[in-house]
**Q** 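The structure's right below; bear with me while I get my questions together.
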There are 2 protein chains.
Amino acid sequence: MPYPEGGSFHEALPQAMKKKPTIHEVAARAGVGLGTVSRVLNNHPAVRPETRARVLRAMEELGYTPNPHARRIAGGRSYTVSVLLPFVATEFYRRLIEGIESVLLEKRYDLALFPILSQARLKRYLESTTLAFLTDGLILASYDLTELFGEGRLPTERPVVLVDARNPRYDSVYLDNRLGGRLAGAYLARFPGSIFAIKVEEEPDRAFRHTVFSERMAGFLEAIKEAGRPFPEGHLYVTRLSAEGGRLALRHFLEKASPPLNIFAGADQVALGVLEEAQRLGLTLGKEVRVLGFDGHPFAEEVGLSTIVQPVEAMGARAAQLLLERMQGYGGPPREVRFEPTLVERASTGTPPEAPYLP
Amino acid sequence: MPYPEGGSFHEALPQAMKKKPTIHEVAARAGVGLGTVSRVLNNHPAVRPETRARVLRAMEELGYTPNPHARRIAGGRSYTVSVLLPFVATEFYRRLIEGIESVLLEKRYDLALFPILSQARLKRYLESTTLAFLTDGLILASYDLTELFGEGRLPTERPVVLVDARNPRYDSVYLDNRLGGRLAGAYLARFPGSIFAIKVEEEPDRAFRHTVFSERMAGFLEAIKEAGRPFPEGHLYVTRLSAEGGRLALRHFLEKASPPLNIFAGADQVALGVLEEAQRLGLTLGKEVRVLGFDGHPFAEEVGLSTIVQPVEAMGARAAQLLLERMQGYGGPPREVRFEPTLVERASTGTPPEAPYLP
DNA sequence: CTGAAAGCGCTTACAG
DNA sequence: CTGAAAGCGCTTACAG
């Protein structure tokens, strides 16, 4: 008796043995045809509100939940989107995913994350057998991987959106990191004292490189130069993305110059290290040592870190929107959505002098 | 003309417009029935080698690749396995995934990773609509999440295997961390000098806690005690999983005692910090400062770090095997597979004295 | 607005 | 060993 029928027996079966209800059961219970159930499932307008309600109730009572595989097979849509992202568990990606998820869930789309552990894995992901490929659309975070493939196109016919990366062939959503760097430079240049900067290292692998840190630094140096402030080569410190890098940098800087020091850290996590080390050394923040971070990490507010905020959630949400539009058939040319960072001033820098500092 | 027919025109279409070949095309090209193609796809023995070869060739020529959604729908199997793992990108997980993948790929199974960003996400994962749930089996890494759900069972009927965690209801593969700690303790107790230990903090959230670090430390303290060596409370330092923790710990320890120091670090990453800081301070490794790590991180060999090695890849592979067996219908009681760590001696500890050290 | 039918790409007994 | 048919859970024109 592979398919137990009959209410009471069925009810008596342990949860684990119950067959998942299908559209058939729902139709029967609601007293409608299969097509109608499918229509309410797909928000088709041509369903009487009353009928819709009846079907919805039946689904509720049965605990019905649609089978994405069947939907994919029948209708070409699985209602799930893949997000390919680097295998690094930072707050940035957590926030990005939240942003993406917020709009996807609203449209009843599901998302599957695919951390890119290695190039080999990535290539497999993009083989058509793989689930990542068989979802309805792809969001690529941070890596512009197109150059890994022939013709500079990803081997998929489904819509693709890049976030935190750019490529002329695809829709992309990115932060103007250079502008962020400029904001940082212009701001710190208003204070008296020496100016320093900490740059975060980037991955050596070409295809996997994202250039955000270089862009931030480029903008920063531009602004410093425009402000007419000196920036000797030794005032740049390069480190991995870690608080420790910030600590070491501060000690290094203190050998080069005496307070006040104005430090731009290319990432909040690094800025945090500067902050901590300054406190340990008994240096007054916002006075002897001024630190400005980049990212708008949640902890920045807690510790009073001035920082260049990037609207990560908004970027994620926008990327999801672009993708949704493509999945709904939009066929226009690739769109580039540029986000602008903003400076948030807190105790770690204090307030700049009324009169701009002129060297 | 939604479905272009006719060889030459078809060939001329750009890659992107080609319809993916299906089992029908393969059957036609190989001159066999659909069933036969399906049989070779599923390694069914009842296919003449000659026929099989013909079908295989047709698939090759057509670039055919099976549609997992259809397979799932028709046969109840999608040939993909979900791995649920913490959202932390450490070498441990990288290696674990490699181990799992190695045996899965061999059986032509695919795997999809689901990083657990939050409890909310996890619950969604386990709702039946979600892809994670609809794969053929689940591997849960590090978290024993069963207590999140009623009756202590995950809300899935598919087989589940835990790795790096244990639960009596499911197959599990784990390392004997306590034994590892004991090995470390017994080993360091053979050296003269003070004994110190660095423990890695664990997540506060109950359901998401894994207790490996506590177990390591418990075993270590046991062995130290059995060896009759003193271990004052102040000799334990607790820190996050980072090299910096190791640096700070060493400085802290040096205030407590003079060299030689024998230090057990609960994780290689932390041990690395100790190592670096010792070098920075000009202390001779393996003599003034002896460091023993835990994990068998790839860099341990490079830097000459003695460590307790855990066979992560093997653990992953074993977990995949257990899961495969379940998916193939094995219905026996839950199995616990225990792995034993081993000590690898390198320069960071030097060689212990011939005669055991007796306090 | 709604039902019945055909079809998505595969698997699985069922006959030969 | 192999083909033809039924079926998996859904969607989508097609008629009404």
**Q** Going by atom types alone, do Asn42(A) and Arg71(A) pair a side-chain donor with an acceptor below 3.5 Å?
**A** yes
**Q** Which atoms form the tightest heavy-atom contact between Val103(A) and Gln321(A), and what is the distance?
**A** CG2-N, 4.0 Å
**Q** Between OG1 of Thr22(A) and CG of Leu34(A), what distance do you get to the nearest 0.5 Å?
**A** 8.0 Å
**Q** Within this structure, what is the CG-CD1 distance for the pair Leu111(A) and Ile139(A), rounded to the nearest 0.5 Å?
**A** 7.5 Å
**Q** Quick one: does Arg39(A) reach the base of dG3(C) with a side-chain donor-acceptor pair under 3.5 Å?
**A** yes
**Q** Starting at CG of Leu162(A), measure out to CG of Leu84(A) and round the result to the nearest 0.5 Å.
**A** 11.0 Å
**Q** Using a 4.0 Å heavy-atom cut-off across all strands, classify Val32(B) as base, sugar-phosphate, or nothing.
**A** sugar-phosphate
**Q** Between Arg48(A) (CZ) and dG3(C) (C1'), how many Å, whole number?
**A** 14 Å
**Q** Using a 3.5 Å limit on both pairing distances, list the dot-bracket string of DNA chain C from the 5' end; Watson-Crick and G-U wobble pairs count, crossing pairs take [ ], interstrand pairs take |.
**A** |||.||||||||.|||
**Q** Categorize Tyr79(A) for me: base, sugar-phosphate, or nothing, with a 4.0 angstrom heavy-atom threshold over every strand shown.
**A** nothing
**Q** Take Ala46(B) and Ile73(B), find for each the nucleotide of DNA chain D with the closest heavy atom, and name the residue whose nucleotide sits nearer the 5' end.
**A** Ala46(B)
**Q** On DNA chain D, nearest-nucleotide positions of Arg54(B) versus Ala74(B): which is more 5'?
**A** Arg54(B)
**Q** Reckon Thr22(B) touches a base, only the sugar-phosphate, or nothing at all at heavy-atom distances under 4.0 Å?
**A** sugar-phosphate
**Q** In whole Å, what is the span from the CG atom of Leu34(A) to the C1' atom of dA6(C)?
**A** 12 Å
**Q** Under 4.0 Å: is that the gap between some side-chain N or O of Thr51(A) and OP1 or OP2 of dT2(C)?
**A** yes
**Q** Rounded to the nearest 0.5 Å, what separates atom CG in Leu323(B) from atom OH in Tyr170(B)?
**A** 12.5 Å
